[in-house]
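What follows is a single structure, and I will ask about it in a moment.
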Amino acid sequence: MNKLIEKYDRPGPRYTSFPALPFWKNDLDEAQWVEHIRESLLIEPAIDLYIHIPFCQKLCWYCGCNRIITKDQKRSNEYIQALKNEWSFYLHHFPGIEIKSIHFGGGTPTFLPAEQLNELLSIFSNHIDPKFIGSIEIDPRTVDRDQLIVLKSFGFKRASLGIQDFEEEVQIAINRIQSYSLVEGVVKMLKETGFESINFDLIFGLPKQTVKSINDTIEKVSNLDPDLLAFYSYAHLPERIANQKLINEEFLPIGKDKRELYEKGKAALFKAGYFEVGMDHFAKSESYLYKAFDNKKLHRSFMGYTDTKSSTLIGLGATSISNTRTSFRQNEKDVKSYVAQMSQIALPVNQTSHVLSSSDQVTNDIIQSLMCNLQADITLLREVEMWSFIENGLSEFEKDKLLRIDDDMLYITEIGRIFLRNICMVLDPYLGKKGALRFSQTV
Ligand code: SF4
């Protein structure tokens with residue numbers, strides 16, 4: 001295994017989109033975007049909605065998200081108005097639009113007090129599909145029962161808690177202190193309020209983490225019994241993410257030490273009754289995510305893995321990404337500029353965008369299928385321009401027993417799961433020679 005890791009570990013995209021965002025061509029104007037949505041709604045009339053709340057009360061030093069650190073609760077007033085104006089733009093064009101799901105992400109969505117959550121969610125009330133699914137990312141340090149009651153009253157049943165690590169030394173080293181009893185209280189509150197699915201986000205590769213601290217964390221996680229877990233690798237990129245310079249590099253586990261944290265952590269998760277689904281995610285067998293994975297019906301969006309996905313995703317708020325099957329579009333990233341632009345009913349400035357060519361669509365479908373269900377029909381891939389180059393690349397992975405090709409189907413093997421990003425990179429014509437250097441390590 002170590003030889004394979006040495007051979008394949010290199011920077012590469014995580015493929016939440018294909019092409020990866022740095023390769024988007026910025027070729028979509030406002031009128032075209034509206035047309036892309038119109039066509040997408042003809043295929044499937046209900047949309048997924050993402051709402052980005054960019055405020056956090058305290059900075060976590062490892063954070064790579066787009067957020068503003070503030071304790072000033074008033075900051076959210078004008079932002080809520082901006083979100084309302086952005087939504088009005090879509091309603092103006094698509095008055096009968098239906099919403100199949102809402103995902104609140106951040107930042108910290110629970111930065112908004114209960115009254116503001118209520119005010120914001122009310123604007124969507126007349127557009128909710130009967131099979132609606134609501135999910136929210138929660139910072140356990142910033143949530144109360146009133147917020148959960150409001151969310152539940154609008155049909156929210158899925159919560160994701162940022163945990164990272166329960167070890168106090170690690171929490172101090174990343175400036176995110178949250179005790180086990182605090183998290184235990186939040187889990188209890190979620191269950192009492194009627195939330196049906198709870199995910200914990202954990203990170204390995206943080207400063208001061210050891211195999212013992214990972215095992216202790218997973219034992220505590222197991223006591224709290226979330227049905228889902230994400231176990232992400234920490235990507236230390238201080239040259240691009242300034243706040244990561246606050247992390248003492250001397251305490252960072254790297255190379256084999258970091259890999260061991262993942263391997264031991266994964267073994268502990270299996271022992272605790274979790275199954276691996278897709279990439280970096282684990283689920284109990286009774287969870288909706290495991291069932292979707294088991295039935296080869298897992299999907300992936302910018303928000304992570306899910307059991308259902310519409311053809312249209314509309315992202316509201318600064319930095320939010322929207323997509324249809326044929327296009328991607330990211331909103332203005334700067335929160336101040338976003339709020340200023342949205343003082344009237346309008347579409348915020350398009351920071352980056354991309355119209356998918358027909359070969360982009362083929363590659364995107366195959367990459368998403370591999371990332372979700374570890375298999376893909378590659379019939380159409382044989383028709384793309386670079387097929388002979390791709391075939392050569394895949395045969396190298398086949399020799400290393402990381403994948404298997406049977407007729408038109410490509411299957412990822414059990415050890416191949418670790419190298420999923422590398423396998424997808426072979427299909428990616430945008431990477432070129434230096435294109436991958438801007439990304440985090442693949443393994
Ligand atoms: S709470 Fe989340 S988004 Fe906010 S600073 Fe911490 S890691 Fe970043």
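Note that the structure is predicted; figures quoted are calculated from it, not measured. Each ligand, and each atom within it, is numbered from 1 in the order the structure gives.
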So, do Phe18 and Tyr430 have ring centers that fall under 6.0 Å from each other?
->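 When the ring centroids of Phe18 and Tyr430 are compared, they turn out to be within the sub-6.0 Å range.
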
Nearest protein heavy-atom contact for atom 2 (Fe) of ligand 1: which residue, which atom, what distance?
->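 Going atom by atom, the protein heavy atom closest to atom 2 (Fe) of ligand 1 ends up being Arg176 NH1, 4.0 Å.
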
Pairs where residues 67-86 contributes a residue and the test ring pair (Phe, Tyr, Trp, His ring centres under 6.0 Å) is met, not counting sequence neighbours |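 Listed once each, the pairs are Phe55-Tyr79, Tyr79-Tyr338.
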
Run through Lys258, Lys256, Lys264 and flag the one making a salt bridge (Lys or Arg N to Asp or Glu O under 4.0 Å) with Glu260.
->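 In the set Lys258, Lys256, Lys264, the residue that makes a salt bridge (Lys or Arg N to Asp or Glu O under 4.0 Å) with Glu260 is Lys264.
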
Dump the intermediate steps for side chain to side chain donor-acceptor pair (under 3.5 Å) on Glu137 and His103, then the final yes or no.
-> CA-CA 8 Å; Glu137 295 164 16; His103 182 89; 2.9 Å; yes

Ligand-side contact atoms (ligand 1) for residue partner Lys58, heavy atom cut-off under 4.0 Å |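 Here the atoms of ligand 1 in question are 5 (S).
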
is_close_aromatic(His281, Tyr232), centroid dist under 6.0 Å |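 Between Tyr232 and His281, which both carry aromatic rings, the centre distance is below 6.0 Å.
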
Neighbouring protein N, O or S atoms of atom 8 (Fe) of ligand 1 [cut-off: under 2.8 Å, no waters] =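 Listed by chain and number, the atoms are Cys63 SG.
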
Looking only at heavy atoms of Gln57, does any of them come nearer than 4.0 Å to an atom of ligand 1?
->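 Distance cut 4.0 Å: Gln57 fails for ligand 1.
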
Between the side chains of Asn85 and Gln81, does any donor sit under 3.5 Å from an acceptor?
->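 There is such a pair (donor and acceptor under 3.5 Å, judged by atom type) between the side chains of Asn85 and Gln81.
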
Glu86 and Asn331: side chain donor to acceptor below 3.5 Å =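 Yes.
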
